[in-house]
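Note on naming: letters A, B, ... go to the chains in the order of the sequence lines (proteins, then strands), and numbering restarts at 1 for each one. Hydrogens, waters and symmetry mates play no part in the numbers below; they use all other heavy atoms, side chains included. Here the structure is a predicted model, which means the values were calculated and not measured.
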Protein chains: 2
Amino acid sequence: MARGSTRPTSRDVAQAAGVSQAAVSLVLGDKWRGRVSEATAERVRQAARELGYRPNLAARNLRLGQARTALLVVPALTNEFFAAVYEGAARIAAKHGFGVVLYPSPEGIGPARDPFASARAALDGVIASSMASEALTEIRGDDLPLVMLDSDPAGSLGATTVNLDITDGMRQITEHLLTLGHRRFLHLAADIDSWTFDVRARELAARVAERTGTDVRTAKAPITIEGARTAAEDALRAPGPRPTAVICDDDKLAVGAYKAARHLGLRIPHDISVTGFDDLALATAIEPELTTVRLDAELFGERGMTALLAVLEGETPPEGNIPVELVVRGSTAPPHPS
Amino acid sequence: MARGSTRPTSRDVAQAAGVSQAAVSLVLGDKWRGRVSEATAERVRQAARELGYRPNLAARNLRLGQARTALLVVPALTNEFFAAVYEGAARIAAKHGFGVVLYPSPEGIGPARDPFASARAALDGVIASSMASEALTEIRGDDLPLVMLDSDPAGSLGATTVNLDITDGMRQITEHLLTLGHRRFLHLAADIDSWTFDVRARELAARVAERTGTDVRTAKAPITIEGARTAAEDALRAPGPRPTAVICDDDKLAVGAYKAARHLGLRIPHDISVTGFDDLALATAIEPELTTVRLDAELFGERGMTALLAVLEGETPPEGNIPVELVVRGSTAPPHPS
DNA sequence: CAGCTGACGTTGTACGTATAACTTCCTTGG
DNA sequence: CCAAGGAAGTTATACGTACAACGTCAGCTG
């Protein structure tokens with residue numbers, strides 16, 4: 001019945017129920033067993049319901065010294081992969097009464113003197129992708145618990161790491177193509193300095209060298225369809241025998257490779273095989289559908305949040321890489337003897 | 001130099017600088033002109049820097065009675081469109097020292113008694129897509145300022161609405177196809193009950209009826225590639241003269257239409273034209289590239305946040321729909337006389 | 001019947017900040 | 001030389017919550 005524009009507080013509820021504010025806090029905080037009678041508790045709950053009481057989170061956080069909020073730092077949400085990571089993390093967080101906020105995209109910082117001004121909402125911990133390193137340096141300095149996604153376990157001193165089994169993914173792709181009979185490869189690599197891409201390059205090069213004794217040709221491209229297309233086209237036009245398979249660091253790059261191949265009059269997979277990485281919606285949208293490595297981004301986010309929660313509880317976070325899966329579709333076939 | 005695990009407070013800074021806590025608050029809050037000498041101010045800033053002081057947001061929010069945080073309610077972040085809306089909203093928010101939190105995805109609610117438990121982090125306002133109506137009913141009840149995205153201006157009592165000019169987009173698509181000579185249309189519609197889709201259907205039907213005197217065939221499909229494919233395939237197989245153009249409610253549905261057409265042995269655009277809506281990355285990934293309506297999702301998010309900020313300031317939010325643009329690519333051509 | 005034990009609460013306080021209201025000292029004009 | 005006012009701070013308080021510490025009273029035991 002409180003008029004005004006101000007929201008009801010626990011004291012308003014107390015007054016309505018004819019008890020003290022402390023009693024309200026006890027009842028609503030589920031700590032009333034043996035301290036408040038069932039009848040009184042019900043009266044309090046009733047009053048809270050009628051007034052539409054919602055606890056003031058700021059006050060609670062201040063009192064408890066925690067925010068039940070984690071910060072997720074990713075390069076861009078418009079990348080479906082990271083959107084899924086967020087959803088996984090948010091799901092686990094919600095189950096534990098936690099929230100997840102996102103680091104604002106770099107371009108959005110604007111004139112604020114402190115880029116953290118908005119994201120700095122009281123935080124208990126941070127989950128960060130290794131692909132967002134520039135933002136990361138600012139965070140380290142805060143003494144917040146940190147979980148790193150897809151980053152070098154050796155190089156992330158102190159921080160907990162949660163990784164997909166990228167090495168295994170690239171191993172499977174390479175084996176798949178080698179088994180089909182391919183011997184000349186083009187690696188269309190992301191031009192981003194991140195562990196997750198380094199691992200791809202290392203594994204691919206090592207395995208191909210071991211099995212064929214040859215090198216892998218490499219072209220670096222920004223992760224955009226257009227950028228990938230020109231990089232791939234240049235590489236495929238280069239002198240020497242043409243590669244029979246293009247191994248791309250992610251699905252978006254593969255789309256660029258498709259366009260490059262088409263532009264050069266090459267048919268996929270008849271003239272050239274193409275593989276991706278991630279298994280985004282894109283992979284099944286294009287023709288032929290893309291052979292790629294499925295990364296369970298949601299699970300990745302879930303594991304990241306689970307690890308952070310463990311750290312916050314003082315427990316040891318679970319170990320072990322997240323398995324990935326090769327998905328063979330229509331973009332790979334045995335090389336055609338030309 | 002403060003050891004311990006607790007972060008320094010403004011009082012610690014005050015002690016280090018040899019002033020009162022109030023002075024620290026004034027200096028760091030930029031309200032010290034004429035109240036504190038430049039020298040003292042500098043001393044305070046220096047101390048704050050050395051201690052690595054970060055104001056406690058919970059305390060500030062409690063004191064100010066505001067959180068400088070907005071809630072964005074969208075159906076799914078893995079939909080690139082909404083990810084972009086978020087980024088736009090977050091950019092504007094950051095410029096004003098605001099943060100944006102997301103409503104946790106519906107499946108993530110789990111056992112929490114109050115689905116708002118986590119997202120309810122102290123909020124100043126809400127921006128909600130009309131496509132997330134089930135979540136919305138819970139919010140209304142909170143007396144928070146509400147900005148609705150893409151919802152019926154007439155039906156959103158009290159709430160401010162920010163809309164893309166969907167009607168104009170559909171008008172342009174229809175005109176484009178009519179001008180090319182198409183007369184028989186299939187409308188591949190989203191099976192979601194939302195204003196933004198109703199508008200598409202109404203405008204398409206009205207314009208086609210006006211210009212050709214005929215009805216538009218309609219097929220409803222869930223917004224997934226597979227769902228759209230089967231719905232489109234069924235509709236294209238139906239008896240009677242086959243439509244020469246498929247108008248889809250969004251780009252993802254268009255991908256399904258592509259697959260259906262291919263499966264039926266129809267070439268795009270030679271045998272059948274296809275159009276989308278949104279202009280996601282998908283649109284230029286597929287072959288042929290998709291004729292669609294470009295919606296500036298980021299601008300949409302920016303406008304939404306701008307409107308909310310205006311409401312919070314007690315100003316009248318700007319009016320007017322956000323213009324959209326027809327992007328003609330390779331998926332449309334004059335109908336082939338069969 | 002003194003003393004004790006629960007059951008059922010209440011009182012009081014602290015979390016860290018922003019700001020209104022007050023003090024103190026110095027300068028300056030009349 | 002005194003009143004007035006500005007500069008440069010300080011003191012005190014409230015925001016709403018959670019919980020430790022403290023009553024109070026009935027019933028029971030020895």
Nucleotide [N], atom [atom2] - distance to [atom1] of [X] in whole Å:
X: A/L28; N: D/dG16; atom1: CG; atom2: C1'; answer: 13 Å
X: B/N61; N: C/dT19; atom1: CG; atom2: P; answer: 13 Å
X: A/E38; N: C/dA7; atom1: CD; atom2: C1'; answer: 14 Å
X: B/R60; N: D/dT17; atom1: CZ; atom2: P; answer: 21 Å
X: B/W32; N: D/dG9; atom1: CH2; atom2: C1'; answer: 14 Å
X: B/L62; N: D/dA14; atom1: CG; atom2: P; answer: 13 Å
X: A/N56; N: D/dG16; atom1: CG; atom2: P; answer: 7 Å
X: A/L26; N: D/dA20; atom1: CG; atom2: P; answer: 10 Å

Quick check on C/dT17: is either OP1 or OP2 less than 4.0 Å from any side-chain nitrogen or oxygen of B/S10?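 Result: yes.
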C/dG9, OP1 or OP2 - any side-chain N/O from A/S37 closer than 4.0 Å?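 It does, given that an N or O in the side chain of A/S37 lies less than 4.0 Å from OP1 or OP2 of C/dG9.
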Pair of N/O donor and acceptor under 3.5 Å linking D/dG9 base with B/R35 side chain: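 Answer is yes: a donor-acceptor pair is held.
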Classify the nucleic acid contact of [X] as base, sugar-phosphate or nothing, counting any heavy atom under 4.0 Å across all strands shown.
X: A/V24; result: nothing
X: A/S25; result: base
X: A/S20; result: base

Are the side chain of B/N61 and the backbone of B/A58 linked by a donor-acceptor contact shorter than 3.5 Å?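 No, B/N61 side chain to B/A58 backbone: no donor-acceptor pair under 3.5 Å.
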Tell me whether A/D124 contacts the main-chain N or O of A/A67 through its side chain, where contact means a donor paired with an acceptor under 3.5 Å.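 Yes; judged by distance alone, with no hydrogens or angles, the pair exists.
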Distance in Å, A/I192 CD1 paired with A/F197 CZ, rounded so as to fall on 0.5 Å steps: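 The CD1 atom of A/I192 sits 5.0 Å away from the CZ atom of A/F197.
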Do the side-chain N and O atoms of B/R43 and B/Q46 include a donor-acceptor pair separated by under 3.5 angstrom?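 Not at all, the side chains of B/R43 and B/Q46 share no donor-acceptor pair under 3.5 Å.
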Start at the 5' end of DNA chain D and walk down; is the nucleotide closest to B/A59 or to B/Q21 reached first?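 Comparing both residues, the 5'-ward one is B/Q21.
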State, with a plain yes or no, whether a side-chain heavy atom of A/N163 is found less than 4.5 Å away from one of A/T196.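 The answer is no; the side chains never approach within 4.5 Å.
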Looking at D/dT10, C/dT11, D/dG16, which one has an atom nearest to any side-chain atom of B/A22?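 For B/A22, the side-chain atoms sit closest to D/dT10.
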